[in-house]
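Protein chains get the first letters and strands the later ones, always in sequence-line order, with residue 1 at the start of each.
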Amino acid sequence: MDEFGFDLTSGGSDFFSELDSIYNNVTEPEVGASDADELLEGLNPEQKEAVQHLGGPLLILAGAGSGKTRVITYRIAYMMKKHNVAPGSILAITFTNKAANEMKERITALVGDRSQYIWCGTFHSIFARILRRHADLIGYDRNFTILDSDDQLKMVKQVMQELDISEKMYKPRNFLYEITNSKNHMVSPEQYEQLAGADTARQQNAKVYKRYNMKLIENNAMDFDDILVNMVKLLKGNPDILEFYRNKFGYIMVDEYQDTNQPQYNAVMLLAKGHNNICVVGDDDQSIYAFRGADVRMILNFEKDFPGCQVIKLEQNYRSTKTILSAANEVIANNKSRKSKALRTEGNEGDKIIVMNADSQAVEAAWTADTIKHMVQKGKFAYSDVAILYRMNALSRSVESALRDKGIPFRIYGGMRFYDRKEIKDTLAYLRLINDSKDDLAFDRIINVPKRGIGDTTVDKIRAIAAAEHVSMMDVARRASQYEELMRSANKLYGFCKLIDEFTVHLEEDEMSFPDFVDYVENESGMIQEMIDQRESKGELTDRVENLKELLSEAAEFEKNHRTSEETDNSELQSEIEDDEFLEEETATADTLRGILALYLENAALYSQGDSDDDNEDYVKLMSIHSSKGLEFGAVFLIGVEDGIFPSYKSIASAADTEEERRLMYVAITRAKKNLFIVLTRQRMLFGQTQCLPPSRFLREINPEHLYRMGNMREVQKQPSEAVNSQARVIARRNIASALSSGVTTKKDTTGGMRSGVAKKPGALSPAEIKDGMKVRHDRFGSGIVIKVEPVAGDALITVDFDGMRKNMLAGTAGLKKGE
DNA sequence: AAAACTGTAGTTTTT
DNA sequence: CTACAGTTTT
Ligand SMILES: Nc1ncnc2c1ncn2[C@@H]1O[C@H](COP(=O)(O)OP(=O)(O)OP(=O)(O)O)[C@@H](O)[C@H]1O
């Protein structure tokens, strides 16, 4: 055991004893209804100056943890309290929904409920909202669909097929890359074509790009990039609209401005140029989104865009210990193309950064979990103070199983997003088709989900007819027997139409709650049944059913927030800001099931689960470094810090890319308030192979004085090549981590507990009541005997014998009643 | 015409 | 290791 008391087998000594001083719930000053000037008390002189700045352009360029975001929140509060600025005229743009929610919460703490009228969100969510409003002006319907990258790739493949481009010779991904990249730089298909000149490869790109865009419009769909591009189009093409929003958003604020790309920049310029009341905040050292078109020059040129703008520098870091901040500064100093910047702290020296070089992935994960548990048991931190960060989402796997193993509650952000999951997208496609029968993309997606014997050829025919007659695919399906070529599938198609019609009837009846309706669709469509039947062979039911249940609680939550209620009395506020004709947009509500559904669909695409946090729950947070930007944690575990992972092998060839990775390292280090743990391993399973990677080059850039090394630390100081050579090639063997993960039956994402929104049918048995051997009655199948009960995701998978016919079903949704 | 099976290629980061 | 494209089987 070492002086730090780390020992994987025993409890260890109390080595975190001095840690409590700095970190202990930094509470916001109480403001309440009192004087606006009280707001200024929690700020340093530079911050005060920024907060009091009301009109004209303002640039805050400052290092990590210097209170930039705090300036924005306080500035908004101050404007409202001191200058009576209407909240509806404030536009505050952040980078992620999570950051937006956090900012909203902080502002609410300062000014109260009026904060809900502030337009605070990501570029994408705010622009999408505006675009829906004026969709007709850019050739769209209000309920346009937003495609995720999966849908985009499918679309590209479809285009390639139509243009007779072989997937063997050309990779769809490359076309998509060209398209996204063009949009991120505001290059239209026409411009792309012009730029292509005589280059045949580029001419082909142009063709694909053009057709791809056309198809999107035909399908009333936008990809993420279109949201930005179309916003610029809307503002440029419609002077009256531009004028309207310039007047509406009298005060604009953009956080993380260094990550702005061309279309975002153009939109901001258009909106701000009238009054110049724009405040941007950022840090060029934290620019980590170049891969998606972000350009630091946007922030560096701000002074040129707005001559005479006020520039404020913040040089004091309030977040981290001296040790952590020094390490961050030492790393970032290695970037050549960089304006150097002062950043100091008056905080404690703090603990050394602990670097653990483990022998295997399993040890890396187990050590991380043990250390977290140790600290929490000692009362140094709560689980919710701890974050585990990584360069690649795939790295979360082994840590997940270690955490589960030790019974540590955790939650994963990002990665495979909730709304990206197949079963969720399928359910949403059903809902979209019910909401709008013209939604061909939705039709396409679920016409054969679950399998109902309608194959690709049939769907292709329907698509062709629909295109020729300019009607929706649903329309064609309804009249299937009118077409020779659809005769054979007509009955199956009618079955599908009948199903959708049935859903529509229930929707219009308006008698179910929203989650009940979703639940009903999930069941009646046969999706759940299919999962149950497939389980027999694969045994992978739990996750998917759990996801569908999670969707129900999201639906319940959504209805709670958006169902019009009589108690909501906004009259006072309304008179205060009555000239704000868009007020109702902010608190959009509906009082019919149909209305709720439409609202939900408008919002679902840009919202990912986990954007909103439950404050009451205590769990460790796992996320990529990218998604941790702007956040802070008492203790940070940075895992997978090996050359090839971090920096990524893709970036080591280029100096510019390596510098971006280094900025990412800077971001990662500066997330930590008190303790930083850097964890790496000598060998790990990666891309299906056991690989030996040397410690990250960035580690050698930190002054060793700040580090305390554990495990195989000799190698940290070696040159990468030397380290590689010194390590014998390891024969692949099943490591402990994967052995653990395969045998674990604990729940996956621990988001549960919010499942109350779903009402049970009267008289139906609850999952807990159903026992083996029980006699039950089912509405459709009649009487039967339960012959098997298996718990699944807070529900139970039961097997019932109905007169010799065995059926698998979920107890919670089957609506079984007590028999005989 | 659809489902089940088999082989191959590609693996960073996000809205 | 996984997702998906292309194959064979029913
Ligand atoms: N004047 C101040 N006095 C005390 N604490 C402060 C002050 N200003 C900011 N802080 C605290 O410092 C921490 C970092 O602030 P903030 O998140 O605003 O920094 P930031 O510059 O936005 O960081 P990043 O660049 O990493 O996003 C927060 O916990 C905040 O409460």
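- You'll find that the side chain of A:H626 is closest to B:dT14, out of B:dT14, B:dA1, C:dC1.
- Among A:R662, A:R663, A:R338, the one residue that satisfies the salt bridge (charged side-chain N to carboxylate O under 4.0 Å, His left out) test with A:D285 is A:R338.
- Remark: P of B:dT12 and CD1 of A:I639 are 17 Å apart, rounded to the nearest angstrom.
- If you check every strand for non-hydrogen atoms under 4.0 Å, A:D148 touches nothing.
- Between A:D456 and A:Y649, the residue anchored closer to the 5' end of DNA chain B is A:D456, taking for each the nucleotide with the nearest heavy atom.
- Checking B:dT12, B:dA2, B:dG10 against the side-chain heavy atoms of A:T457 singles out B:dA2 as nearest.
- A sub-4.0 Å separation between OP1 or OP2 of B:dT14 and a side-chain N or O of A:S627 is present.
- In this structure, the CG atom of A:N393 is 16 Å from the C1' atom of C:dC1, given to the nearest Å.
- Remark: the A:Y212 side chain and the A:D223 side chain contain an N/O donor-acceptor pair separated by less than 3.5 Å.
- Nearest heavy atom pair, residue A:A128 against residue A:I146, reads CB-CD1, 4.4 Å.
- If you check B:dT14, B:dT11, C:dC4 against the side chain of A:K650, the one that comes closest is B:dT11.
- Of the candidates B:dT12, C:dC4, B:dT14, C:dC4 carries the atom nearest the A:K157 side chain, counting heavy atoms from C-beta on.
- Atom pair A:Y177:OH and B:dT14:C1' shows a separation of 15 Å (rounding to whole Å applied).
- When heavy atoms are screened at a 4.0 angstrom cut-off, A:T458 is found touching the sugar-phosphate backbone but no base atom.
- We find that CZ of A:R173 is positioned 14 Å from P of C:dA3, with the value rounded to whole Å.
- Of all nucleotides listed (C:dA5, B:dA2, B:dT13), B:dT13 comes nearest to the side chain of A:R391.
- Going from atom CD of A:Q286 over to atom P of B:dT14 covers 16 Å, rounded to whole Å.
- If you check B:dT13 for Watson-Crick or wobble pairing at under 3.5 angstrom, you find it has no partner at all.
- As judged by a 4.0 angstrom heavy-atom cut-off over every strand, A:D225 is placed among residues making no nucleic acid contact.
- Judged by the 6.0 Å and 45° rule, A:K621 forms no cation-pi pair with A:F633.
- The shortest non-hydrogen separation linking A:A92 to A:M103 is CB-SD, 4.3 Å.
- Put simply, A:T96 has no side-chain N or O that comes within less than 4.0 Å of OP1 or OP2 on B:dT14.
- Note on A:K461: only backbone sugar-phosphate atoms sit closer than 4.0 angstrom, heavy atoms only; bases stay farther off.
- Considering all non-hydrogen atoms of both residues, A:F224 and A:D148 come closest at CE1-CA, 4.0 Å.
- Residue A:F123 is classed as having no contact, given no heavy-atom separation below 4.0 Å to the nucleic acid.
- Here A:F95 and A:Y289 bring their ring centres to under 6.0 angstrom of each other.
- Rounded to whole Å, atom P of B:dT14 lies 11 Å from atom CG of A:D420.
- A straight line from CG of A:D151 to C1' of C:dA3 spans 16 Å, rounded to a whole angstrom.
- Within the nucleic acid shown, A:K171 comes within 4.0 Å of sugar-phosphate atoms alone, with no base atom in reach, counting heavy atoms only.
- At the heavy-atom level, A:S125 lies nowhere under 4.0 Å from the strands shown.
- Residue-level contact check: A:I227 touches neither bases nor backbone, having no heavy atom under 4.0 Å from any strand.
- Between A:F291 and B:dT13, a base-stacking contact is recorded: ring centres under 5.5 Å apart, planes less than 30° from parallel.
- Rounded to whole Å, the separation between the P atoms of C:dC4 and B:dT13 comes to 16 Å.
- Along DNA chain B, the nucleotide nearest to A:L686 and the one nearest to A:K492 differ in position, and the one closer to the 5' end is contacted by A:K492.
- Taking atom CG of residue A:L395 and atom P of nucleotide C:dC1, one finds them 16 Å apart after rounding to whole Å.
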